[in-house]
Amino acid sequence: MNCEDVQGREIVEKYITGQLGDADAEAFEAHYFECAKCFEELQTLQALSAVLQRRRKTARRLPAARWLAAAMVLAVLGATWWVRHSGSLRKAERAARAESPARGVGTRADELALLARPRRGWWR
Amino acid sequence: MLDENAEQARGLAERISSGDPVAEAELVHLFSQRILALLCARTRDPEASRDLLQDVLIAALTALRKGQLREPDKLPAFVLSIARNVAQAYIRDRSRESHDRLLEEEIASQAGPDLLEIAERQALVRRAIERLDQTDREILLRTLTEGEKPGVIAEALGLSPEVVRQRKSRAIKKVADFVTKL
């Protein structure tokens, strides 16, 4: 293999994308090990491929990152709502307890009166 | 490179077999990037290739120290065959063997500047890509990362295969020119 073959048959591109047959790959390797020009081209295309692959990976990761961010915002909003809502529930409960002695039902005095009342069993 | 310097290759091999550490560093400098390019292309794993590079260099240096290269002027072919064998072994079985740590560290420190050069080249390529047209970028992306043929790309982008071929060649040339000029 010589430099003209490498240029004419897009050998470098096929080599880095794994589209070169074994015999051609070996011939190209033997060539670029001794040819500075073709090795330079190989290095540039490999760098190009690496950079493009990284860009593609980042682009693919972006939508997932957006979904994750949206889920986190929802979780924070949900937690805030729950904290506020449960606080108001507790307040309402406390207010209800505070009001109950006025109605005279369910107070501690009522409970004691019930306990002090003589019991009548079936044997009496 | 070594085509014109068969004598240099012979001298290098002989100096390594006689235990010259400077010659070993020269060999590492001369072949590291070529070996790495081969390993990346064959294994498609740049991370593993960096480790495998050490294996190739260790194997080559160990063999040269023992004088196992019968024809010293065939040093590039010798290193190349070791690189291929290491890549094949990795592809066949991804489990790794332990090696001489001391020699590994020694070679890792010698191979450092080459990796730096690769990083610099990638930074230049990144800048060159930014200067390309969006369609050209898409064509390069599909060609070099997906291995798509011009016909397939043409269909996806609503262009003719010939236009895709031309734009691809021009884009690669632009990137290569940008990298070599800077």
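Lettering of chains follows the sequences in order, A, B, ..., and the numbering in each one begins at 1.
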_Are B:Leu140 and B:Leu157 connected into the same hydrophobic cluster when the rule is that any two of I, L, V, M, F, W, Y join if their side-chain heavy atoms are below 4.5 Å apart?_
no
_If hydrophobic clusters are built by linking Ile, Leu, Val, Met, Phe, Trp and Tyr wherever their side-chain heavy atoms come under 4.5 Å apart, do A:Phe39 and B:Leu144 end up in the same one?_
yes
*Find the distance between CG (B:Leu38) and CD1 (B:Ile82) and round it off to the nearest 0.5 Å.*
12.0 Å
_Side chains of B:Arg121 and A:Gln46 only: does a donor on one sit below 3.5 Å from an acceptor on the other?_
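The criterion, which ignores hydrogens and geometry beyond distance, is not satisfied for A:Gln46 and B:Arg121.
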*Distance-only donor-acceptor check, side chains B:Asp55 and B:Tyr90, under 3.5 Å*: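 No.
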Choice from [options] maximising heavy atom contacts with chain B below 4.5 Å:
options: A:Glu13, A:Gln19, A:Lys37; answer: A:Glu13
options: A:Leu48, A:Ile16, A:Leu45; answer: A:Leu48
options: A:Gly18, A:Ala50, A:Ala25; answer: A:Gly18

By a 4.5 Å heavy-atom criterion (distance strictly below it), what part of [X] contacts chain B: side chain, backbone, both, or neither?
X: A:Glu10; answer: side chain
X: A:Leu42; answer: side chain
X: A:Glu29; answer: both

*asked:* If we define contacts as heavy-atom pairs under 4.5 Å, which of B:Arg44, B:Lys168, B:Glu146 has the most with chain A?
replied: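 Among B:Arg44, B:Lys168, B:Glu146, the one with the most close pairs to chain A is B:Arg44.
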Chain A contact via [X] - side chain, backbone, both or neither, heavy atoms under 4.5 Å:
X: B:Ser81; result: neither
X: B:Lys173; result: neither
X: B:Leu80; result: both

*asked:* Working note: B:Leu36 + B:Arg50, criterion side-chain contact (heavy atoms from CB on, under 4.5 Å); need CA distance, chi angles, decisive distance, verdict.
replied: CA-CA 7 Å; B:Leu36 191 60; B:Arg50 285 188 190 126; 4.2 Å; yes
*Would you sort out whether A:Glu41 and A:Gln7 count as a side chain to side chain donor-acceptor pair (under 3.5 Å), showing the intermediate values?*
CA-CA 10 Å; A:Glu41 194 182 331; A:Gln7 291 301 318; 2.5 Å; yes
